[in-house]
Amino acid sequence: MIQVTNISKKYGDKAVLEHFSYQFPEQGVVAVTGPSGIGKTTLLNLLLGLEKPDEGTLEIPAGTTFSAVFQEDRLLEKESALENAAIFYEGKTNDSVSLSAQGKEMAKQILSELGLSEDLETPVRELSGGMARRVSIARGLVAMTGPLGAKVCIMDEPIKGLDPENRKQTMDVIRKYCAGKLLIMVTHDDKDAEGADEILSF
Amino acid sequence: MKAIPKALKIIIIAAIWIAIWEVIYLIVGKELIVPSPFHVFVRIFTLAGTAVFWGNIGTSLLRILIGYLLAVILGALVGTVTAKVAFLDSFLSPAAKVIRATPVASFIILLFVFAARNHIPVITVFLMVLPVVWANVYEGIKNTDPKLLEMAKVFDLKKGTIFKRIYIPQILPFFTAAVKTGIGLAWKAGIAAEVIVNPKYGIGTALHDSKVYIETCDLFAWTVVVVIISIILERILVRLIEKAGGEKKRA
């Protein structure tokens, strides 16, 4: 169980988190809501180990592995949707620099479920913003699957900027692949927070 | 203009420039100062029939390519290391600055003390190209998106994968630019070194001799040869890079 206790984080003089505590459940969907600039993304970065808190403790059980969908897509622009999505299937344990067949198969499946079956071989830089966003989501979800799949997925406004018709479909796919695991998701949209098991509101 | 094939266009433009050269020759009227293009081309063909001509070209090419290749390999290595290790960067960057600021001629003359005549052009080329490749690879690595590296860290990506998929695409355009600039630089610096140190064979030696014996026609002939080889070298290099880049894409 991930436990955050009494955490504070400052950038210069600006405190973004002050004595913040929260116990995350073992599994389920936790929606993190609140106005922008209040420290939601900072909390995610702390959980991912990308930043260190100024004060307080962060207890993450040994062996907890993370997957993530960042606020920006952070994709490899020259590579195809399929390559981008498949790259984290095995992470560090993949000895070869090339991608595994299973990883590609899984990436193909998830990309298709997200409505990108026509664009598997398209380089990311040629995709529209919404499509690139879905590739980024697919990458995060592929990392949740397989024998080495991550146990926790952290998503920063995953469906922001998607067309209304894609939003529900995308959310359904996200839920499907995060079932039985922990999904921590920042959202500005109260509608997206509705189906969550817990709402962490700043 | 569209109807004219590319090759024909090049020939027409070349012919105009040669005509301008001929006009200058006629105005000057002294073969010793500006030889006629016709005589120069005849001279090139005469020279091309001799073994010494090809020996000179082969020797120069070999020297320049060795120096160039060493500089590309070491420049890429040092560029990578200095971009990653701050201490080595501060330690080595003054060296790069000094090498960049030193005139080629100073190097060549200084090298007389340490190196054999035959090796000086190789070392000169190496010293000229090294900082260019070094600086560009360094820039490429420094320009790598930190957000992508962060992502790689979160997903616990292997070092080899990070190198191939994040660093290489980022460095490649910088590296390609350095390699292209470097070959022109290598060629000119190598021949300049040969002119000064006068090894037994080499294009520079031939240039030097034509100066000593006031063979202006030879001087022009060799210069034309240098320009032609320089263009061919760059073409070959660009093809090679494009081919390598294309294969990487398919992998």
Side-chain angles (χ1 to χ4, degrees), chain A residues 41 44-51 60 63-80 83-100 103 121-125 135-136 139-144 146 148-156, chain B residues 73 76-77 79-81 83-86 136-180 237-251:
Chain A
T41 300
L44 301 191
N45 283 343
L46 289 168
L47 289 170
L48 288 171
L50 296 174
E51 292 181 58
I60 296 170
T64 307
T65 45
F66 290 94
S67 173
V69 175
F70 299 93
Q71 204 167 35
E72 322 81 13
D73 295 328
R74 302 195 188 188
L75 295 166
L76 307 171
E77 296 287 319
K78 287 182 186 168
E79 303 209 26
S80 71
E83 285 169 315
N84 266 283
I87 190 168
F88 298 123
Y89 182 69
E90 285 151 319
K92 205 167 203 160
T93 52
N94 184 0
D95 265 342
S96 115
V97 176
S98 55
L99 305 169
S100 74
E121 301 301 333
T122 314
V124 164
R125 62 175 165 205
V135 173
S136 184
R139 179 178 69 188
L141 294 179
V142 169
M144 304 293 288
L148 297 151
K151 300 281 174 283
V152 181
C153 191
I154 288 184
M155 296 192 178
D156 201 345
Chain B
I73 295 166
L77 273 175
T80 309
V81 171
K84 285 277 142 198
V85 186
N136 274 37
V137 170
Y138 180 94
E139 272 309 294
I141 293 179
K142 287 285 177 188
N143 268 294
T144 304
D145 186 357
K147 288 191 185 283
L148 279 183
L149 296 174
E150 230 177 54
M151 165 208 82
K153 191 180 156 197
V154 165
F155 287 103
D156 209 10
L157 215 56
K158 251 184 96 77
K159 280 215 164 71
T161 314
I162 295 176
F163 186 71
K164 186 194 160 196
R165 295 187 183 270
I166 298 179
Y167 279 117
I168 294 277
Q170 188 64 48
I171 299 167
L172 210 59
F174 287 86
F175 182 72
T176 312
V179 165
K180 271 194 227 167
L237 206 74
V238 171
R239 285 272 164 83
L240 281 177
I241 295 166
E242 275 168 5
K243 215 175 157 194
E247 267 163 15
K248 236 161 236 142
K249 225 174 190 175
R250 260 176 270 129

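Residue numbering restarts at 1 for every chain, and letters A, B, ... go by the order of the sequence lines. Since the structure is predicted, the reported quantities are computational estimates derived from the model, not experimental observations.
- Per-residue counts of heavy-atom pairs under 4.5 Å with chain B were compared for S67(A), G49(A), P123(A); the largest is that of S67(A).
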*How far apart are the C-alpha atoms of E72(A) and M151(B), what are their side-chain angles, what is the distance that settles it, and do they pass the side-chain contact (heavy atoms from CB on, under 4.5 Å) test?*
CA-CA 11 Å; E72(A) 322 81 13; M151(B) 165 208 82; over 6 Å; no
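- Looking at A68(A), the atoms closer than 4.5 Å to chain B (heavy atoms on both sides) sit in the backbone and in the side chain alike.
- Using a 4.5 Å cut-off between heavy atoms, K147(B) contacts chain A through both its backbone and its side chain.
- Residues passing the salt bridge (charged side-chain N to carboxylate O under 4.0 Å, His left out) test with E139(B): none are found, sequence neighbours excluded.
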Identify each donor-acceptor pair in which a side-chain atom of residues 169-180 of chain B lies under 3.5 Å from a protein atom, sequence neighbours left out, and give them as a table.
residue: T176(B); atom: OG1; partner: L172(B); partner atom: O; Å: 2.6

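- For the atom pair CD (E150(B)) and CG (N45(A)), the distance works out to 6.0 Å, reported to the nearest 0.5 Å.
- With a 4.5 Å cut-off on non-hydrogen atoms, L75(A) touches chain B through its backbone but not through its side chain.
- When all heavy atoms are compared, the tightest approach of I166(B) to L76(A) is CG1-CD2, 3.8 Å.
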*Taking it one step at a time, do D156(B) and F66(A) satisfy side-chain contact (heavy atoms from CB on, under 4.5 Å)?*
CA-CA 9 Å; D156(B) 209 10; F66(A) 290 94; over 6 Å; no
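- What you find for I87(A) and L157(B) is that their closest heavy atoms are O-CD1, 4.0 Å.
- Below 30°, between 30° and 60°, or above 60°: for F155(B) and F88(A) the angle between ring planes is below 30°, a parallel geometry.
- Between L99(A) and R165(B), some side-chain heavy-atom pair lies under the 4.5 Å cut-off.
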